[in-house]
Amino acid sequence: HTLLIVNYSLSHPGSVHDTFTFQSTRLYNEHADLLPDGHWVWADSAYPLEPWCIPPFKKPCNGWLMKNQKTFNYHLSKIRVHVKHTFAVLKGQFQFLRELQFRIQTEKDLKFSVQWIKCCIILHNMIIRFETDHHKQDGTYKSSLKWAHVEGKDFIPQEYEAPDGDEVVGDRTYDGTPGQATRARLMDELFDSPQSNAQRRAG
């Protein structure tokens, strides 16, 4: 939500599927050491469902999501939209990242490209921190953060009504895989939290 980039993985070409790329990251392989107990990462639907990695519900083949599942997905997207904001600001500050035109023919070319992108990430974080400190000092708020929030409104999907499956409202049995059980518990916590405006809806 601050637009700071706190974790990244470089060296895979864009043709590699997100899932395969994710499996090569330190976060995937060392999540037990990197994430404190009771913590997880929000992910998009391309990522695996685990107790420490929570993607949205996927629509079943030839089926429909239940209303509570769609509401959960909507609120998850409001969290994850900050990732889109961050990429928008990063590419806005460093326009050549929109279409990186380096010819990668050797390992040296690849290393050069990776170092180039790393430099952009480091400078991006420096800019965000500078803007945050400057805002605290003079009270102005003409920053990348404000711009991203305004420009990023269209990234949040709307909740569309559609035929729904059968569901038991208030069901507190968390069956399935550990990831499914964790996501179901988090969905209940979303509806139960006094800080949330999410409403349970009967099917």
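Hydrogens, waters and symmetry mates are skipped; everything else that's a heavy atom, side chains included, is used.
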(request) Please list all pairs passing the salt bridge (Lys or Arg N to Asp or Glu O under 4.0 Å) test where one or both residues lie in residues 177-187, with sequence neighbours left out. (result) Arg185-Glu189

(request) Supply the atom-to-atom distance Thr86 OG1 to Leu90 CG, rounded to the nearest 0.5 angstrom. (result) 8.5 Å

May I have the list of side-chain donor-acceptor pairs in residues 110-130 shorter than 3.5 Å, sequence neighbours left out?
from, atom 1, to, atom 2, distance (Å)
Ser113, OG, Asp109, O, 3.1
His124, ND1, Gln93, OE1, 3.2
His124, NE2, Leu3, O, 2.7
Asn125, OD1, Ile5, N, 2.9
Asn125, ND2, Ile5, O, 3.0

(request) Spell out, as yes or no, whether a donor-acceptor pair under 3.5 Å connects the side chain of Ser196 to the backbone of Leu190. (result) yes

(request) Indicate yes or no: at least one non-hydrogen side-chain atom of Thr71 is less than 4.5 angstrom from one of Phe191. (result) yes

(request) Answer yes if Ile79 and Leu49 sit in the same cluster of Ile, Leu, Val, Met, Phe, Trp and Tyr residues linked by side chain heavy atoms under 4.5 Å apart, and no otherwise. (result) yes

(request) Drop me the distance from Leu4's CG to Thr2's OG1, to the nearest 0.5 angstrom. (result) 3.5 Å

(message) Tell me whether Gln23 contacts the main-chain N or O of Phe20 through its side chain, where contact means a donor paired with an acceptor under 3.5 Å.
(response) no

(request) Group every Ile, Leu, Val, Met, Phe, Trp and Tyr by side-chain heavy-atom contacts under 4.5 Å, then state whether Phe72 and Trp40 land in the same group. (result) yes

(request) Please name all residues satisfying side chain to side chain donor-acceptor pair (under 3.5 Å) with Glu30, sequence neighbours left out, ordered by chain then number. (result) Arg26

(request) For His39, check side chain to side chain donor-acceptor pair (under 3.5 Å) against everything at least two apart and list the hits. (result) none

(request) Enter the distance from Ser24:OG to Asn29:CG here, rounded to the nearest 0.5 Å. (result) 7.5 Å

(request) Return the set of residues passing side chain to side chain contact (heavy atoms under 4.5 Å, CB included) with Ala181 (not counting sequence neighbours), or none when no residue passes. (result) Tyr174

(request) Mind checking the CG-NZ spacing from Asn73 to Lys78? Nearest 0.5 Å is all I need. (result) 14.0 Å

Can you give me every donor-acceptor pair (side chain of residues 50-61, partner residue at least two apart or in another chain, under 3.5 Å) with its distance?
from, atom 1, to, atom 2, distance (Å)
Trp52, NE1, His31, ND1, 3.4
Trp52, NE1, His31, NE2, 3.2
Lys58, NZ, Ser45, O, 3.2

